[in-house]
Amino acid sequence: MKLFKKNNAVAIDGPAGSGKSTISRLVAEKLGFFCVDTGAMYRALTLKVMRKNIDFSDEEKIAALSKDMDLILSPPETGSTWMRVVLDGEDISKEIRSLEVTGNVKYVAKIARVRGNLVELQREMVRGLGGAVMEGRDIGTVVLPDAEYKFYVDASFFERVERRFSELKAKGTPTTRKEVEEDLKARDHTDKTREVGALKKADDAVYIDTTDLSIEEVVRVIIGYVKKT
Ligand code: CDP
């Protein structure tokens with residue numbers, strides 16, 4: 001069966017804590033595609049800016065850094081949800097998930113020139129891979145507007161906080177439910193209101209409310225669409 005007709009691309013967007021990363025990885029596995037986690041790219045750039053002590057208001061310098069990133073994304077190690085991320089030859093998979101990086105991504109993600117450079121890199125990745133499952137905030141709307149399949153995964157705010165809190169607890173990251181709640185509230189706001197690449201469901205994306213669904217159920221729904229259409 002030939003599943004894809006146009007460009008071999010599945011775009012999955014949604015807010016933090018919607019289960020997007022795990023779902024995307026499993027969908028990619030089932031379809032035999034690579035999964036590109038675009039959030040990891042914004043996180044890697046944020047870490048680089050922090051390490052170089054560049055001020056987050058210095059858009060010139062940050063845009064220049066984003067143009068020349070030696071970044072390798074590869075599938076996660078067994079037991080991990082997250083992609084393996086190597087920047088300038090160093091494995092930074094764990095560091096980019098720190099609360100500090102998470103809190104600072106917003107400064108980098110709102111810079112139009114940064115987004116332009118990363119979007120270009122993301123498109124090149126899909127072309128180079130001959131197709132991919134790509135997840136993020138603006139994939140169906142900006143990065144791959146012609147993606148053959150588009151999904152927007154969401155969940156209630158309460159459920160997303162619960163998921164993110166248990167995830168951090170399981171990893172041993174010291175935090176409180178209140179802190180997670182505040183982080184998600186702030187990120188929802190900046191993600192949805194930034195001038196470029198804001199989080200938004202594409203008109204032609206399938207909306208999936210995952211609040212009462214297990215990861216396996218969501219994956220089944222997505223694969224069902226891909227096989228059916
Ligand atoms: O895993 P989580 O959903 O918490 O975040 P992520 O997907 O790793 O993305 C981290 C941050 O990068 C988000 O809060 C977004 O602000 C930003 N991002 C973006 O601006 N555009 C994308 N395509 C992906 C992520």
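For the single chain, residues carry numbers from 1 onward in sequence order. Whatever order the structure lists ligands and atoms in, that order sets their numbers, starting from 1. It should be emphasised that the depicted structure is a prediction, and the values quoted were computed from it without experimental measurement.
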Open item on the list: Please list, in number order, the atoms of ligand 1 under 4.0 Å from a heavy atom of R97.
Closed with: 8 (O)
Kindly list each side-chain donor-acceptor pair under 3.5 angstrom involving residues 37-44, sequence neighbours excluded, with atom names and distances?
from : atom 1 : to   : atom 2 : distance (Å)
D37  : OD1    : G39  : N      : 3.0
D37  : OD1    : A40  : N      : 3.2
D37  : OD2    : R97  : NH2    : 3.2
T38  : OG1    : E135 : O      : 2.7
Y42  : OH     : R115 : NH2    : 3.4
R43  : NH1    : I96  : O      : 2.9
R43  : NH1    : T102 : OG1    : 3.0

Task: Closest approach of any protein heavy atom to atom 8 (O) of ligand 1, naming residue and atom - done: R43 NE, 2.7 Å
Open item on the list: For atom 9 (O) of ligand 1, what's the nearest protein heavy-atom neighbour? Residue, atom name and distance, please.
Closed with: G39 CA, 3.6 Å
- [ ] For residues 103-114, pull every pair meeting side-chain hydrogen bond (donor to acceptor under 3.5 Å, both in side chains), keeping only residues two or more places apart or in separate chains.
- [x] E60-R113
- [ ] Answer yes or no: does an N/O atom from R164 fall short of 3.5 Å to an N/O atom of ligand 1?
- [x] yes
- [ ] Please write down residue, atom name and distance for the protein heavy atom closest to atom 17 (C) of ligand 1.
- [x] V105 CG1, 4.0 Å
- [ ] Flag the pair R220 and E217 as a salt bridge only when some basic side-chain nitrogen lies within less than 4.0 angstrom of an acidic carboxylate oxygen.
- [x] no
TODO: Could you see which bit of R160 sits under 4.0 Å from ligand 1, with heavy atoms only: side chain, backbone, both or neither?
DONE: neither
Open item on the list: Measuring from atom CZ of R160 to atom CZ of R187, what distance do you get when rounded to the nearest 0.5 angstrom?
Closed with: 9.5 Å
Task: A109: numbered ligand 1 atoms lying under 4.0 Å from its heavy atoms - done: 20 (O)
TODO: Could you see which bit of M41 sits under 4.0 Å from ligand 1, with heavy atoms only: side chain, backbone, both or neither?
DONE: neither
Open item on the list: Under the criterion side chain to side chain contact (heavy atoms under 4.5 Å, CB included), I'd like the reasoning laid out for V219 against I223: C-alpha separation, chi angles, the key distance, then a yes or no.
Closed with: CA-CA 6 Å; V219 171; I223 297 288; 4.1 Å; yes
Task: Taking atom 15 (C) of ligand 1 as the reference point, the nearest protein heavy atom with its distance - done: D191 OD1, 3.2 Å
Task: Closest non-hydrogen atom pair, L184 against V161 - done: CD1-N, 3.8 Å
TODO: Report the part of R137 in contact with ligand 1, treating N, CA, C, O as backbone and CB onward as side chain, heavy atoms under 4.0 Å; options are side chain, backbone, both, neither.
DONE: both
TODO: For atom 24 (C) of ligand 1, find the nearest protein heavy atom and state the residue, atom name and distance (0.1 Å precision).
DONE: T38 OG1, 3.4 Å
TODO: Nearest 0.5 Å please: distance from the CE atom of M69 over to the CG atom of L118.
DONE: 5.0 Å
- [ ] Find out whether I12 and I139 are in side-chain contact, i.e. whether some heavy atom of one side chain is under 4.5 Å from a heavy atom of the other.
- [x] no
- [ ] Answer side chain, backbone, both or neither: which part of K106 comes under 4.0 Å from ligand 1, heavy atoms only.
- [x] neither
Open item on the list: So is K110 touching ligand 1 or not, going by heavy atoms under 4.0 Å?
Closed with: no
- [ ] Measure the distance from atom 20 (O) of ligand 1 to every protein heavy atom, then report the residue, atom name and distance (to 0.1 Å) of the closest one.
- [x] R115 NH1, 2.8 Å
Open item on the list: Test your reading of the model: is there a side-chain donor-acceptor pair from S66 to the backbone of N117, 3.5 Å cut-off?
Closed with: no
- [ ] Enumerate the atoms of ligand 1 whose separation from the nearest heavy atom of K20 is less than 4.0 angstrom.
- [x] 3 (O), 7 (O)
Task: Side-chain donor-acceptor pair present, R163, T210, cut-off under 3.5 Å - done: yes
TODO: Quick one: look up the protein heavy atom nearest atom 14 (O) of ligand 1 and list residue, atom name and how far away it is.
DONE: R187 NH1, 2.8 Å
